[in-house]
Every structure is written in C-alpha cells, then in structure tokens.
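Inspection log for the structure reproduced underneath, given as structure tokens.
In each ligand, atom 1 is the first atom listed, and ligand 1 is the first ligand listed.
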Amino acid sequence: MNPFLNPVFLTRILKSYFRDIDRLRRWDEDTLRSFQNKQLRKMISRAFSTPLYHDIYKRAGVSKDDIKTIKDIKRLPLISKEDFKNYDQQGLIPKGTNPSSLIKVSTSGTTGKSLSIYVNMYEIIMGLFGYLRTTREYDIFWRRHRLSIIGDFAPHTAETGYVKGGLTPNTLFPSVFKNIQWLDTNDPPEKVLDELERFQPDFIGGYTGMLGHLAVLCSQGAGKHIQPRVIASTGALLDPQLKKFIKTTFETDVFEVYGATETGPIAFQCRDKRIYHIMSDLLHLEFLNEQGLPARSQEAGHLVVTKLFGGGTPIIRYNAINDIVSPLYERHDCGIAGDLIDRIYGRDGIRLYRKDGKIVLASSLTSIFSRLLYDLRTSKVREIKVVQHNLDHIDIQLVIDMSADKQGPSVVQIKEVLEQGFKEKFGSEMTVSFQEVESVSRSEPRILSHVDPSSIQIAGFI
Ligand SMILES: [Zn+2]
C-alpha cells in the first residue's frame, strides 16, 4: 500500500513529530550535538546507497566510515546543481526506496536552472512542523489558533509538491490540520485578503511581497477584521521600512523565517529579532567565503547545507541554494539550542554591478521595490523585470494593474520612485528606462545583468 494513504503509518509519524516540534527548547547543546551526529551517520549511509552520491564519493576516495561526526563532513566533496543533471529518479534516491512513496519537487528556476529532488511523507510533515515550530515562539499553537499560510502554489513549485501533493490529498490531514488555511500567493492580493477576512487568522505567514500588498489594501480601509497576533515573512529580505509599514498597518508583530525549497525551513528569528536560530536538529549549515574557506563569525559566505532527516534525495554538503549568509559564532540566551545566523544577504543567483566594482545582489533590489508599498501605498505594480544592459543603463519592465486602487499614485510617480531608488543604489549617472508590458515571462529570471564581471575590478558586496 502506498504509505501516503496508510492511516496507521501517518498516525505514527504525526505522533513522533508532535514530540519533536519542541526539542530545540528541551535539549541542551550536548544532546543536540549527539543527535546531529547520529542523524548524520544515518544520512551518510543513505547517501552512499544513492547513485549520485555513491559515484561522487567513490571518485573522491571517501568511504562511509570516514564520516562519524559533523566535524568529519569537510572530507566530503561539495555537491552542485550540475551534479544532479546526469541522474534520473533512480539515481537520486537511496537503493531499495519505493518510488511511489516519494513526491517530486522542483527548485525554482529563477536563475534559469531548476532541478528535481524527491521527498517522502516524513520530510513533508517535518517541513511543516519546522514552520509551525517558529510560530510557537510567538505563542501561536496550531491546534488552538487559526493559521493562514500563503504559499507559492503555482504548478511545479516545491510548495505545490509538498502541500498539494502530500498534505491536502490525504484524508487524515484535513481533520488534523483543520486550523490551517492554505492560500496562494499567485492570486490577486484582493482575493487573498477576502479569504483572510473570512478565516480571521491568529497568524499569517507569507512572502514579503504579498504581505506588503495586503498591508497596502488594509491601509486603504479593506480587511477590517484581519487582526493577526503575529505575521511571519519569508522568501525575500524584509526591508526595515516595509516591515515597519506591515507592523503598523496590522498593529502586530512581524518576524522572519528563512527557508529553501530543497530543505524546508532553515532558520527563524526569535523574539528579539536581531539574529536567526538555525533548525540545527534538522540541518547542518556551513558558510564558505569567496576564497572557499569557512567564513568567520559575521563574515558573509555561500551557504552549504546538509539535511539531517528524510528518506528521499539526500542533501549533503549541497552547494546550490545560492544564498549569501553570515554565521554568528556566539550563543543567544533565549533558551533555543543550536547554531546562529547573523545576517541573510540574499540569493546570489544573479548579480548586478556598479561602476565602482561593487556587487548588487538581485535580492537587495527588493528594498527599492518595497518603497512602492510603504511610500506610495500602491499595489498597482504586479510584476517587475529588471535588465541591466551595461554599467550605465538599467531597463525596467512594469506590469501595472490598471483596475487596482484608482485613487493611488500615477504611473509617473511610480516610475519616479523606482528611478530614484536605482540611482541611490547605482549612482546618479545611471540611466533608468521604463517599459509598461502586459506580462513578464515566468521561465526567465526577473532580474538579469548583461555586464561581464571579468571586465571590471570587483570590490565586494554593497
Ligand atoms: Zn534567540
């Protein structure tokens, strides 16, 4: 029988996860470290029986017995997106795994390259529980409170795989998770707002952009009955000004959850919100600086992830999340065990360049776009595409919803705000041109640069 449909199996794993959800608060550091090592050995064993990893480790001359603790992990080669390309499903899952017990999820193709991995029901539920754990820090309990989660449920996204493929078809889950409302971030903000108004959640989790749009609508008088006790933002860096705007509009607390397709939730802000706690019972993170060496505390580095749970595609020293993140090698006194992140700089898939050689991460442009929300209070702009032609010229394509907030700012004002933002980031001599378009392609990066980095002297990140 397909384990996805087996109620005995599901009840068993749900019970074990109810226990696991709080363990970072229950455990001391030693308990956590020995758990990590035990899980690592389990995952390494699975990796060695997975053709992709088996082949790479064999070429590198490492054996299973070389890896006993987290400290040994550096002996394993890094795994890149390219490594996945030559393998089909059989090559990406441990030998002997029943393929019908797995769901395929695809990573986002924002940089043009997407890849598929396979997850089992354990991983899907653990991903959700990892997320629910973050809400407990803010006294939201999913069996007592109502939670609205606004995910990316476009076809082929990981969340569609996790939720629509794993959670919602199952007859057991609606009764267990009856307090959770799933909404789609691809729907118009007005529709999402109506659904929220109907459900009146205690908690709203969503992507930064959608939360901003909802705040704009609420600041214009809509959604009067939406009074969440806390809001969680994921997906993009939350600009401090936008955060303030969302907080004041909903008169509530806002915290950030950091995650990735391949891993589920990675880290979250505890109540003081200056740092992020890594879900160290689920993942081990490494940070490699531009020289490929372990980053020092608070030094920006490329994220390398090892997943410590799951029966689908192993994720071991996975170097393809493509985020720039800095670790914090300190302890935080709030009682959560595990490692810390100091700062998340954003996705490194696409870089734009400034005349002085500074790198502008595409993800840092959200602070310009956010101004439309908190400064102009408009949700007219539904899509933005940015093309950097050269060091002197950036072209911006805008999809404008003319039906939305007719009293709002004019298109001319919108362009002025964007132009000013780009000039502040890139210098006043930058030419910024605009085009209004019907739609922008989903299969292509929203932000791209034609600047050849080898033609300039690189001078670090801005
Ligand atoms: Zn803390």
Side-chain angles (χ1 to χ4, degrees), residues 17-36 39 70 126-142 145 147 149 202-206 208 211 228-240 242-244 246-247 252-260 263-287 294-301 303 305-309 321 323-346:
Y17 287 148
F18 291 154
R19 227 177 28 240
D20 294 344
I21 196 165
D22 272 338
R23 63 192 175 195
L24 284 182
R25 279 224 167 264
R26 279 201 320 268
W27 287 353
D28 58 21
E29 288 297 319
D30 289 345
T31 312
L32 172 63
R33 298 305 160 194
S34 66
F35 176 79
Q36 280 191 319
Q39 292 299 107
I70 293 282
M126 206 62 225
L128 177 61
F129 273 39
Y131 191 75
L132 295 177
R133 161 190 289 172
T134 69
T135 68
R136 287 193 169 202
E137 293 302 316
Y138 296 85
D139 295 329
I140 295 290
F141 300 92
W142 61 275
H145 296 118
L147 289 79
I149 301 176
D202 301 294
F203 165 86
I204 301 173
T208 309
L211 295 173
R229 294 156 58 140
V230 66
I231 292 177
S233 162
T234 53
L237 303 172
L238 184 52
D239 177 80
L242 181 60
K243 184 176 188 167
K244 203 171 122 197
I246 296 170
K247 272 170 86 162
T252 191
D253 205 3
V254 177
F255 73 99
E256 290 174 64
V257 180
Y258 171 53
T263 58
I266 293 175
F268 61 101
Q269 288 180 322
C270 67
R271 282 182 185 245
D272 93 353
K273 303 196 193 63
R274 278 177 301 157
I275 47 122
Y276 299 81
H277 287 272
I278 297 166
M279 307 228 182
S280 294
D281 56 336
L282 306 180
L283 303 158
H284 172 69
L285 305 190
E286 297 170 77
F287 311 84
R296 296 182 311 273
S297 195
Q298 297 182 293
E299 181 189 6
L303 187 67
V305 179
T306 298
K307 195 166 146 183
L308 301 172
F309 69 104
I321 302 234
D323 275 353
I324 304 288
V325 178
S326 61
L328 182 67
Y329 298 130
E330 286 172 21
R331 298 256 63 87
H332 196 234
D333 56 8
C334 65
I336 302 171
D339 301 317
L340 302 176
I341 285 172
D342 179 55
R343 195 174 154 196
I344 296 160
Y345 291 77

Go through the structure and list residues passing side chain to side chain contact (heavy atoms under 4.5 Å, CB included) with Arg136, not counting sequence neighbours.
Ile21, Asp22, Phe141, Trp142
For the Zn ion (ligand 1), which protein N/O/S atoms are closer than 2.8 Å?
Cys270 SG, His277 NE2, His332 ND1, Cys334 SG
Is it true that Asp281 and Arg26 have a side-chain N and a carboxylate O under 4.0 angstrom from each other?
no
Anything under 3.5 Å between a donor and an acceptor, one on a side chain of residues 332-342, the other on a protein residue two or more places apart or in another chain? List them.
{"unit_1": "His332", "atom_1": "NE2", "unit_2": "Asp272", "atom_2": "OD2", "d": "3.0"}
{"unit_1": "Asp339", "atom_1": "OD1", "unit_2": "Arg33", "atom_2": "NH2", "d": "2.9"}
{"unit_1": "Asp339", "atom_1": "OD2", "unit_2": "Arg33", "atom_2": "NH1", "d": "3.4"}

Quick one: OG on Ser280 to CD1 on Ile266, what's the gap to the nearest 0.5 Å?
11.5 Å
Euclidean distance, Leu328 CG relative to Phe287 CZ, rounded to 0.5 Å:
9.5 Å
Which residues satisfy the salt bridge (Lys or Arg N to Asp or Glu O under 4.0 Å) test with Asp202, sequence neighbours excluded?
none
